[in-house]
Every structure is written in C-alpha cells, then in structure tokens.
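By convention in this document, chain letters (A, B, ...) are assigned in the order of the sequence lines, proteins followed by strands, and residues within each chain are numbered from 1.
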There are 2 protein chains.
Amino acid sequence: MLSIGDLSRRTGVKVPTIRYYEQMGLVAAPERSEGNQRRYGRQELERLAFIRHARDLGFAVEDIRALIDLSGHPEQPCGHADKIAEEQLISVREKIAQLRRLETELERIASCCDGKTVGDCYVIRALSDHALCADEHG
Amino acid sequence: MLSIGDLSRRTGVKVPTIRYYEQMGLVAAPERSEGNQRRYGRQELERLAFIRHARDLGFAVEDIRALIDLSGHPEQPCGHADKIAEEQLISVREKIAQLRRLETELERIASCCDGKTVGDCYVIRALSDHALCADEHG
DNA sequence: TCTTGAAGCTCTAGTGACTAGAGCAATTAC
DNA sequence: GTAATTGCTCTAGTCACTAGAGCTTCAAGA
C-alpha cells in the first residue's frame, strides 16, 4: 500500500492536489491506516495517472469526470469520449491561434522601441493607442 | 462626462470589471454625480483603453500596474517597460510551444480511435497509458 | 410633473484548479 | 527512544473576474 506521498511521487501529482481531487470526487476516498492516514493501491495509482495525463493535455476537471464515468462502462459506444477529445483539440487550436496573434503584436511592439525614455517608448505608446496595431487582436 | 455604462461601451470593458479595476487601484476613483454615480472624462477613457489593450495582449494586472506607473514618468528610461514586454513575449512563446505539443498529441489520440465501444476506445486507452504517447508532454 | 424601466449603487459570494499555512498526530529511520 | 519527516483537518488565499440580492438614481416619454 502506498502513502499519499508515495502516490504523489509516482504520479507527479502534488499531495494537496490529491486530497483536493478526493474532495471533488475525482478519486474515491481510499482506505485508511490505523492512524487515519490514506493508503492507496494499484487502482488508485492508475486512476490518478489517468487524471494527471488528462490534465496535462488540458482537459478540464469536468471533462475528466465524464471520461472516468465512461471508462467505467466499457460496453458503451465511445462517441462521447471522442467528442470530448475533439472539442479539446478545437479549443487548443483556438488558443494557439490567439497566442500567435499576440506573439506577432508583441514582437512588433518590442522591436520597434528604440526610444530612450518612457516618453517616447513604443511599448507604452502602442499600448495607449490601439491604432498602432497592425492587426486585430483580442 | 460618461457614465460607467458609456465607458464600458466605448472600451469594451464590462461594467463590473471597471468597478473591479477601481477597487484594485488600476484606475482612480472618478468623480461622482449628485446621486453618487461614477462620471468619467477623457483621461479615464484613455487609461481604461490602455488597460484593455494590455489585457488583450495577455499582460498580468501587476504588469499593467507597472506600465501605468512608468507612463506617469515619461522622463525615465524605458528599459523597464521593454523588459516587461519582452518577458510577456517569452511567456507567450512558451505557451504556444506547450500548446503545440498538446495539439500533436490530441490529434494522434483522436485520429487513432476507430473502436466502437469505450472498451477499445483509443482516447480512453491513451489517457490511461502515457506509454502510448509518442511525445513527451507536460 | 409623473411614471416607468433601464442603469447604477454596494456588498457578499462564487468560479476553476489549485496553493499556503496553522496546529496538531502518526510514521519511520536511526 | 527520539527526532525528522510525513500526514491529518481546516481555513483562507490566488487570479481576474462574474453573479446575484436588494436597493437608488437617472432619462425619456405621457
């Protein structure tokens, strides 16, 4: 049996986060030692690794909850799981597109500044005046 | 003089957000009407537009506070403003790189799933087993 | 001038996904 | 046996807002 610290080290999920997931119902409350400390087995390790992996991929906790529910019903059609992953992909692509626009704008702002004082700093001027932006953003 | 609603429409910053910025000290408390309603002038309009623009570019509120402080001292060297913008650019690029890795992984996960039930759904399996990932992520 | 409906006011609490800290109890290594 | 580490619960804080209750003020039309 693993202590919460062991589980943390094995999954890379921090100890308070594991307790938080338990509180949120993402992981079941585990057995306890005589002294009331959490003791985990292989199943909990696997579930937490699943959660960690999904969080790394940017899935929201609610999505993860749905995916866990689905994984408990292996006979059901998997269209729902596909849909969640698909939507996550779309959302990631949107974020990338948005960040690329910001990158372009920030590059332009930072590279144009050749002023010596704040008074003629392009960074400050660009922020004050949206019209200086080449691009639409935000 | 503009009401808070006018200011909101002109800057695209929502009314409660304007009040929140005032509370946070990002914008100064404006004049009030006889009936205690906020009344804004051109200066406040410009400052809020500045804040809006910087938030759109992903600057944290603390960064914006620093940029505003700087813009009140036009005689100072602008190296600090440049540095804030530079750091923001670096952070945006890191986020893009991370999201690209996620995109690749999600594409692979979503496209590989040709199972009909959750039991052999690649989405679920990939999340359960990090070893199925081609790439390191997170 | 009166009325009505939109807009404004303050205050508290909620969001998501944790993170930090206090003050204690249990476990583990030597 | 003892000291260091780890664990426990509980509350509160983070960031940048957002929502709602319950009230007041304002602007436009009759």
Side-chain angles (χ1 to χ4, degrees), chain A residues 1-27 29-40 44 47-48 50-68 84 87-88 91-92 95 98 102 138, chain B residues 1-27 29-40 44 47-48 50-68 84 87-88 91-92 95 98 102 138:
Chain A
M1 302 299 277
L2 302 169
S3 74
I4 197 168
D6 296 332
L7 189 64
S8 172
R9 272 181 292 279
R10 293 228 201 173
T11 58
V13 178
K14 288 181 193 157
V15 169
T17 305
I18 296 174
R19 287 197 278 248
Y20 166 77
Y21 286 159
E22 182 181 324
Q23 214 184 326
M24 294 298 101
L26 264 196
V27 297
E31 290 176 48
R32 297 285 180 133
S33 72
E34 291 209 354
N36 200 36
Q37 298 195 352
R38 290 168 179 81
R39 291 294 175 262
Y40 297 94
E44 284 103 333
R47 161 151 310 184
L48 196 60
F50 179 103
I51 293 169
R52 171 74 210 264
H53 194 179
R55 286 292 301 133
D56 281 349
L57 288 169
F59 287 92
V61 164
E62 279 318 299
D63 289 340
I64 297 174
R65 206 191 294 279
L67 289 169
I68 287 173
I84 291 170
E87 278 168 6
Q88 176 59 15
S91 140
V92 164
K95 281 183 196 144
Q98 168 69 2
L102 300 193
Chain B
M1 301 299 277
L2 303 169
S3 74
I4 197 167
D6 296 331
L7 189 64
S8 170
R9 273 181 293 280
R10 294 229 199 172
T11 58
V13 179
K14 287 181 193 157
V15 168
T17 305
I18 297 174
R19 288 197 277 248
Y20 165 77
Y21 286 160
E22 183 183 323
Q23 215 184 326
M24 295 297 101
L26 264 196
V27 298
E31 290 176 49
R32 297 285 181 132
S33 72
E34 291 209 353
N36 199 35
Q37 298 194 354
R38 291 168 178 82
R39 290 296 175 261
Y40 299 93
E44 284 103 333
R47 162 153 308 186
L48 196 59
F50 179 103
I51 294 168
R52 172 74 211 266
H53 194 179
R55 286 292 302 136
D56 280 349
L57 287 169
F59 287 91
V61 165
E62 279 317 300
D63 288 341
I64 297 174
R65 204 190 295 278
L67 289 169
I68 287 173
I84 291 170
E87 278 168 6
Q88 176 59 15
S91 139
V92 165
K95 281 183 197 144
Q98 168 69 2
L102 301 193

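- We find that OH of Y21(B) is positioned 8 Å from P of dA16(D), with the value rounded to whole Å.
- Rounded to whole angstrom, the span from the CG atom of L26(A) across to the P atom of dG16(C) amounts to 12 Å.
- Phosphate contact (OP1/OP2 of dC17(D), side-chain N/O of K14(B), threshold under 4.0 Å): absent.
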Sub-3.5 Å pairs of nitrogen or oxygen atoms, protein against nucleotides 11-14 of chain D:
none

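- Taken to the nearest 0.5 Å, the CG atom of D63(A) stands 11.5 Å off from the CG atom of L57(A).
- Rounded to an integer number of Å, the gap from E22(B) CD to dA16(D) P is 18 Å.
- Under the rule for a side-chain contact (heavy atoms from CB on, under 4.5 Å), the partners of R55(A) that lie at least two apart in sequence or sit in another chain are Y21(A), I51(A), V61(A), I64(A).
- Residue D56(A) contributes atom CG, which lies 10 Å from atom P of dC18(C) at whole-angstrom precision.
- Per the geometry, CG belonging to D63(B) stands 14 Å off C1' belonging to dA16(D), to the nearest Å.
- dT18(D) atom P lies 14 Å from atom CE of M24(B), rounded to whole Å.
- Residue-to-nucleotide proximity on DNA chain C shows that, of E34(A) and P16(A), the 5′-proximal contact is made by P16(A).
- Of the candidate nucleotides dC26(D), dC18(C), dA17(C), dA17(C) has the atom nearest to the side chain of A60(A).
- With rounding to the nearest 0.5 angstrom, the CD atom of E62(A) is 10.5 Å from the CD1 atom of I84(A).
- In this structure, CZ on R38(B) lies 5.0 Å from CD1 on I4(B), to the nearest 0.5 angstrom.
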Per-nucleotide protein contact string for nucleotides 3-11 of chain C, where B marks a base within reach and S marks sugar-phosphate only (heavy atoms under 4.0 Å, - for neither) | -----SSB-
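- Here dC15(D) presents its P atom at 12 Å from CZ of R55(B), a figure rounded to the nearest Å.
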